[in-house]
Amino acid sequence: MVSKVSFTLDTPGGGHELSVAYERRGDGEPLLLLHGIGHHWQAWEPVLPVLAAERDVIAVDLPGFGTSPALPDGVSYDLSAVVPALGAFCAALGIDRPHVVGNSLGGLLALELGREKLVRSVTAISPAGFWTESERRYAFGTLLAMRRGARILPLPVIDRLSRTPAGRAALTSTIYARPGRRSPEAVVAETLALRDAAGFRRTLDAGRGVLFTHDLPGLPVTVAWGTRDRLLLRRQGVRAKQAIPGARLVRLPGCGHVPMNDDPALVARVILDGSR
């Protein structure tokens, strides 16, 4: 069942009350799941049953995405604000140093949580922050085009497109290698999540100068990349390995940028292996 928790985030400008929505299932060591830009916690739905059989899984709607309200005015969407917000979220739930898994934007946030020593392991799936400037511009341009499409299409058209494999491919083939496997209901919901994401533009703006160049010594790190990722090309995984020499670099054959739906069994196994 989706829940919400409210807590205070302390910033240089004072304390701000935040509210974050999340889905929690299972028992075991805590496992925090962070989705990508424009998505919502349901991105993890294909792997949740397997993960929840072995972990206490907390899948978050990041601030300004899904059903989590946007960050208050005066609070930026850069890493220096969002990472402490996630730390405060965990503290509000009584979670101490969870394992963390993130995809895309969530992967970058997971790595930053690791750098701040707030987690016990990191699994980053196609994380942002290992791009060249031209690759970043391409990714941001693609995301903006997806957002424009989601905002232009009327809901009846989105619903109609979702009912056919070709329509689902038109809506989601940028992030899924196998869009036909996504259910019509899920495609409609995530298209609306992209359309309505209050934090989308501010997150993009905050990410323009971001590069992750830090090693994470002593922390178990897994970096996984889909071989058919069309948004953040898989060669960026080699750069991630160069920045974090101790990381385990895993190929996800046949998977796209959001691989949880392309191959749930493989992705769940990578996550469980990386969070032991």
Side-chain angles (χ1 to χ4, degrees), residues 31-39 41 43-44 47 59-60 62 65 77-80 82-83 86 98-140 142-143 174-177 199-200 203-204 206-217 219-252 255-263 266-268 270-271 273-275:
L31 179 66
L32 181 67
L33 304 180
L34 307 175
H35 62 75
I37 187 170
H39 227 303
W41 72 260
W44 303 99
V47 298
V60 180
L62 294 170
F65 299 96
Y77 275 82
D78 61 20
L79 297 173
S80 64
V82 178
V83 168
L86 291 171
H99 301 281
V100 63
V101 182
N103 174 221
S104 196
L105 166 65
L108 173 62
L109 292 169
L111 291 165
E112 284 288 336
L113 285 165
R115 192 163 75 93
E116 296 293 331
K117 305 187 186 309
L118 296 174
V119 296
R120 63 187 80 178
S121 73
V122 173
T123 300
I125 301 172
S126 294
F130 296 99
W131 42 44
T132 64
E133 178 58 20
S134 62
E135 289 167 348
R136 183 200 65 76
R137 287 197 304 268
Y138 161 76
F140 281 29
T142 301
L143 289 166
T174 302
I175 60 172
Y176 299 123
F200 182 89
T203 297
L204 270 192
R208 291 188 184 281
V210 170
L211 289 173
F212 192 89
T213 58
H214 311 281
D215 193 6
L216 300 175
L219 187 71
V221 176
T222 299
V223 175
W225 228 286
T227 61
R228 294 174 62 189
D229 192 329
R230 297 175 57 194
L231 188 65
L232 298 180
L233 305 180
R234 62 178 178 173
R235 60 176 173 259
Q236 295 172 38
V238 177
R239 297 187 200 122
K241 175 68 174 174
Q242 291 169 345
I244 312 168
R248 180 177 67 125
L249 182 58
V250 179
R251 287 174 72 251
L252 303 175
C255 290
H257 184 64
V258 182
M260 295 81 80
N261 193 76
D262 289 328
D263 195 335
L266 173 61
V267 173
V270 169
I271 292 171
D273 287 347
S275 60

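Keep in mind that the numbers below use all heavy atoms, side chains included, and drop hydrogens, waters and symmetry copies. Bear in mind that the values here come from a model prediction, so they are computed numbers and not experimental data.
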**Prompt:** Are any non-hydrogen side-chain atoms of L86 and L34 less than 4.5 angstrom apart?
**Reply:** yes
**Message:** For a 4.5 angstrom cut-off between non-hydrogen side-chain atoms, does I244 reach L111?
**Reply:** yes
**Prompt:** Between R248 and T222, does any side-chain donor sit less than 3.5 Å from a side-chain acceptor?
**Reply:** yes
**Request:** Answer whether the closest heavy-atom distance between the side chains of S104 and V258 falls below 4.5 Å.
**Result:** no
**Interatomic distance, Q242 atom CD to R239 atom CZ [nearest 0.5 angstrom]** = 8.0 Å
**Asked** Between G226 and S126, what is the shortest heavy-atom contact and its length?
**Response** N-OG, 4.1 Å
**Item:** Pairwise side-chain contact, D229 with C255, heavy-atom cut-off 4.5 Å (strictly under)
**Value:** no
**Request:** Evaluate the criterion side chain to side chain contact (heavy atoms under 4.5 Å, CB included) for residue pair L62 and T203; output intermediate values, then yes/no.
**Result:** CA-CA 11 Å; L62 294 170; T203 297; over 6 Å; no
**Prompt:** Which heavy atom in W44 sits nearest to a heavy atom in V101, and how many Å separate them?
**Reply:** CH2-CG1, 3.7 Å
**Asked** Any side-chain heavy atom of L79 sitting closer than 4.5 Å to one from L108?
**Response** yes
**Request:** Applying side chain to side chain contact (heavy atoms under 4.5 Å, CB included), run through I125 and V270 and close with a yes or a no.
**Result:** CA-CA 10 Å; I125 301 172; V270 169; 5.9 Å; no
**Message:** Taking the side chain as everything from C-beta on, heavy atoms only, tell me whether T174 gets closer than 4.5 Å to H257.
**Reply:** no
**Asked** Are the side chains of L252 and D263 in touch, meaning some heavy atoms are under 4.5 Å apart?
**Response** no
**Fill in**
Nearest heavy-atom contact between V267 and P259 is CG2-O, 3.5 Å
**Message:** Working to the nearest 0.5 angstrom, can you tell me the gap between D273 CG and S121 OG?
**Reply:** 11.0 Å
**Item:** Straight-line distance of E135 CD to L231 CG, nearest 0.5 Å
**Value:** 11.0 Å
**Prompt:** Where the side chain of W225 meets the backbone of L232, is there a donor-acceptor pair that is under 3.5 Å apart?
**Reply:** yes
**Prompt:** Roughly how far, to the nearest 0.5 Å, is CE of M260 from OH of Y176?
**Reply:** 7.0 Å
**Request:** In sequence, state the C-alpha distance, the side-chain angles, and the governing distance for L32 and V60, and then conclude on side chain to side chain contact (heavy atoms under 4.5 Å, CB included).
**Result:** CA-CA 7 Å; L32 181 67; V60 180; 3.3 Å; yes
**Item:** Heavy-atom closest pair, residues D215 and P245
**Value:** OD1-CD, 3.5 Å
**Request:** For the residue pair F65 and I37, establish whether any side-chain heavy-atom pair is separated by less than 4.5 Å.
**Result:** yes
**Request:** To the nearest 0.5 angstrom, please state how far the CZ atom of R120 sits from the CG atom of L113.
**Result:** 13.5 Å
**Item:** Where at least one partner belongs to residues 105-136, residue pairs that pass ring pair (Phe, Tyr, Trp, His ring centres under 6.0 Å), sequence neighbours excluded
**Value:** F130-F212, W131-F140
**Step-by-step side chain to side chain contact (heavy atoms under 4.5 Å, CB included) determination, I175 to H39** = CA-CA 11 Å; I175 60 172; H39 227 303; 4.1 Å; yes
**Prompt:** What is the minimum heavy-atom distance between H214 and E112, and which atoms define it?
**Reply:** CD2-OE2, 4.4 Å
**Item:** Nearest-0.5 Å distance that lies between atom OG1 in T123 and atom CG in L33
**Value:** 10.0 Å
**Message:** Ignoring hydrogens, what is the shortest heavy-atom contact between H35 and A43? Give both atom names and the distance.
**Reply:** CB-CB, 4.5 Å
